Amino acid sequence: MSANEVAVQEFWDELRKTTQARIGLGRAGTALPTRRVLELAAAHAAARDAVHVPLDTDQLVTAVRTVGIGEPAVVTSRAASRDEYLRRPDLGREPADGMQVPDTPADIGFVLADGLSPTALDRHGATLLKALVAQLQDRYSLAPPVIATQARVALGDHIAAQAHMRTVLVIIGERPGLSVADSLGIYLTHLPMPGRTDADRNCISNIHPPDGLGYAEAARVAAGLVDGALALGRSGVDLKDTSRTSALTNPTIAELT
């Protein structure tokens with residue numbers, strides 16, 4: 001390998017440390033090197049598995065129970081199978097016939113939904129919930145958590161309306177990609193009810209430590225959005241995340257983050 005080739009390789013090796021994107025992979029003739037092809041195939045398999053491997057509901061119930069905000073309820077959507085869930089997104093937004101959740105009026109409710117990556121919820125859901133509770137429990141009443149399978153975000157509106165939650169945080173597995181298969185998102189809806197749209201929600205995405213957003217930081221942003229929603233009287237496009245601005249202008253906050 002020439003000195004120039006070594007320099008190019010070192011450049012790309014260093015740059016790859018800053019991103020999960022597939023950059024500077026090199027080539028073998030007119031194709032990618034075999035190692036990179038195998039890495040891509042493995043990433044594709046991991047993404048497919050993240051979508052199709054079912055949520056370990058029993059394990060998640062046990063983990064969520066230890067958070068200490070009540071016995072988790074388990075519900076499902078109208079999608080009868082994973083295949084139907086993937087083919088019919090509309091069914092994942094609606095509750096199964098006869099769905100019942102406890103009537104537990106509270107300021108904040110939590111729905112842990114498998115979404116498009118049950119793997120993400122298995123790995124991060126309970127720990128993220130614990131971080132959210134730590135941020136919110138001193139100022140708000142918290143409803144017992146609900147675990148939802150074959151679920152899209154809007155199913156949380158039905159759950160929250162039935163349980164009488166004033167603000168709902170839906171913790172959901174995000175669509176896997178070829179760089180990340182286990183990322184969670186939090187969708188906040190103030191005054192949730194059936195018929196709410198994405199314009200009525202705020203989203204915190206890319207939660208998958210250590211490479212993505214950490215639990216504590218995600219919880220801090222969510223708490224700021226909850227405060228903002230209550231002050232504004234609504235969530236969605238009119239509600240902005242000012243947590244990073246606050247951290248820059250408030251030395252105490254900046255030191256903590």
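Predicted, not measured: the structure shown is a model, and the values here were computed from it. Count residues from 1 along the sequence.
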Review point. Taking only residues two or more places apart in sequence, or in another chain, which ones meet Asp13 in a salt bridge (Lys or Arg N to Asp or Glu O under 4.0 Å)?
Key: Arg16
Practice item. May I ask you to test the Leu91-Arg152 pair for a side-chain heavy-atom distance under 4.5 Å? Key: no
Study note, to complete from the structure: For Glu10, the side chain to side chain donor-acceptor pair (under 3.5 Å) test, sequence neighbours excluded, returns none
Practice item. Examine Leu191 and Ile186 and state if one hydrophobic cluster contains both, with Ile, Leu, Val, Met, Phe, Trp and Tyr joined whenever side-chain heavy atoms are less than 4.5 Å apart. Key: no
Point to revise | Beyond-backbone contact of Val168 with Val111, side-chain heavy atoms, under 4.5 angstrom | key: yes
Point to revise | Joint hydrophobic cluster, Val74 plus Val170, side-chain heavy atoms closer than 4.5 Å | key: no
Review point. According to a 4.5 Å side-chain heavy-atom criterion applied to Ile, Leu, Val, Met, Phe, Trp and Tyr, with indirect links allowed, do Val153 and Val101 form part of one hydrophobic cluster?
Key: yes
Practice item. Flag the pair Asp157 / Met193 as yes when at least one side-chain heavy-atom distance between them is below 4.5 Å, and no otherwise. Key: no
Please output the side-chain donor-acceptor pairs of residues 21-35 that fall under 3.5 Å, not counting sequence neighbours, one pair per line with the distance.
{"residue": "Arg22", "atom": "NH1", "partner": "Leu178", "partner atom": "O", "Å": "2.6"}
{"residue": "Arg22", "atom": "NH2", "partner": "Leu178", "partner atom": "O", "Å": "3.3"}
{"residue": "Arg35", "atom": "NE", "partner": "Glu39", "partner atom": "OE2", "Å": "3.2"}

Check your understanding: Which residues pass the salt bridge (Lys or Arg N to Asp or Glu O under 4.0 Å) test with Arg196, sequence neighbours left out?
Key -> none
Check your understanding: When rounded to the nearest 0.5 angstrom, what distance separates CG in Leu232 from NZ in Lys240?
Key -> 10.0 Å
Point to revise | Test side chain to side chain contact (heavy atoms under 4.5 Å, CB included) applied to Asp241 and Leu225, step by step | key: CA-CA 6 Å; Asp241 170 21; Leu225 288 171; 4.2 Å; yes
Revision key, fill the gap. Residues at least two apart in sequence or cross-chain that pass ring pair (Phe, Tyr, Trp, His ring centres under 6.0 Å) with Tyr140, listed by chain then number, are none
Revision key, fill the gap. In this structure, OG of Ser77 is separated from CE of Met99 (nearest 0.5 Å) by 10.0 Å
**Study point:** Nearest-0.5 Å distance, CG of residue Leu169 to CG of residue Leu188
**Key:** 5.0 Å
Practice item. Output the distance between atom CG (Asp114) and atom CD1 (Ile172), rounded to the nearest 0.5 Å. Key: 7.0 Å
Review point. Can Ile108 and Arg166 be said to form a side chain to side chain contact (heavy atoms under 4.5 Å, CB included), step by step?
Key: CA-CA 6 Å; Ile108 309 293; Arg166 183 166 59 164; over 6 Å; no
Point to revise | Sequence neighbours excluded - ring pair (Phe, Tyr, Trp, His ring centres under 6.0 Å) pairs with any residue from residues 148-194 | key: none
Check your understanding: Taking atom CG of Leu155 and atom OG1 of Thr149, what is their separation to the nearest 0.5 Å?
Key -> 9.0 Å
Please output the side-chain donor-acceptor pairs of residues 48-60 that fall under 3.5 Å, not counting sequence neighbours, one pair per line with the distance.
{"residue": "Asp56", "atom": "OD1", "partner": "Gln59", "partner atom": "N", "Å": "3.2"}

Check your understanding: Just by distance, with hydrogens left out, do Asp107 and Ser141 show a side-chain donor and acceptor under 3.5 Å apart?
Key -> yes
Check your understanding: Is the side chain of Tyr85 donor-acceptor paired with the backbone N or O of Ala80 at a distance under 3.5 Å, no angle test?
Key -> no
Revision key, fill the gap. CG of Leu112 to CD1 of Ile171, rounded to nearest 0.5 Å, is 4.5 Å
Review point. Looking only at atom types and distance, does a side-chain atom of Ser183 sit under 3.5 Å from a main-chain N or O of Val180, one as donor and one as acceptor?
Key: no
Revision key, fill the gap. Contacts of Arg78 meeting salt bridge (Lys or Arg N to Asp or Glu O under 4.0 Å) (sequence neighbours excluded), chain-then-number -> Glu94
Point to revise | Contacts of Gln135 that satisfy side chain to side chain donor-acceptor pair (under 3.5 Å) - sequence neighbours left out | key: none
Could you list the donor-acceptor pairs under 3.5 angstrom formed between side-chain atoms of residues 202-214 and any protein atom two or more places apart in sequence or on another chain?
{"residue": "Asn202", "atom": "OD1", "partner": "Gly236", "partner atom": "N", "Å": "2.7"}
{"residue": "Asn202", "atom": "ND2", "partner": "Gly236", "partner atom": "O", "Å": "3.2"}
{"residue": "Asn202", "atom": "ND2", "partner": "Leu239", "partner atom": "O", "Å": "3.0"}
{"residue": "Asn206", "atom": "OD1", "partner": "His208", "partner atom": "NE2", "Å": "2.9"}

Practice item. Have a look at Leu128 and tell me which of Val133, Leu121, Leu184 forms a side chain to side chain contact (heavy atoms under 4.5 Å, CB included) with it. Key: Leu184
Check your understanding: Do side-chain atoms of Ser117 reach the backbone of Pro176 as a donor and acceptor pair under 3.5 angstrom?
Key -> no
Point to revise | All pairs passing ring pair (Phe, Tyr, Trp, His ring centres under 6.0 Å) where residues 99-128 contributes a residue, at least two apart | key: His124-Tyr215
**Study point:** salt bridge (Lys or Arg N to Asp or Glu O under 4.0 Å) partners for Arg123, two or more places apart
**Key:** Asp182
Check your understanding: Hey, does the side chain of Glu84 reach the backbone of Ala79 with a donor-acceptor pair shorter than 3.5 angstrom?
Key -> no
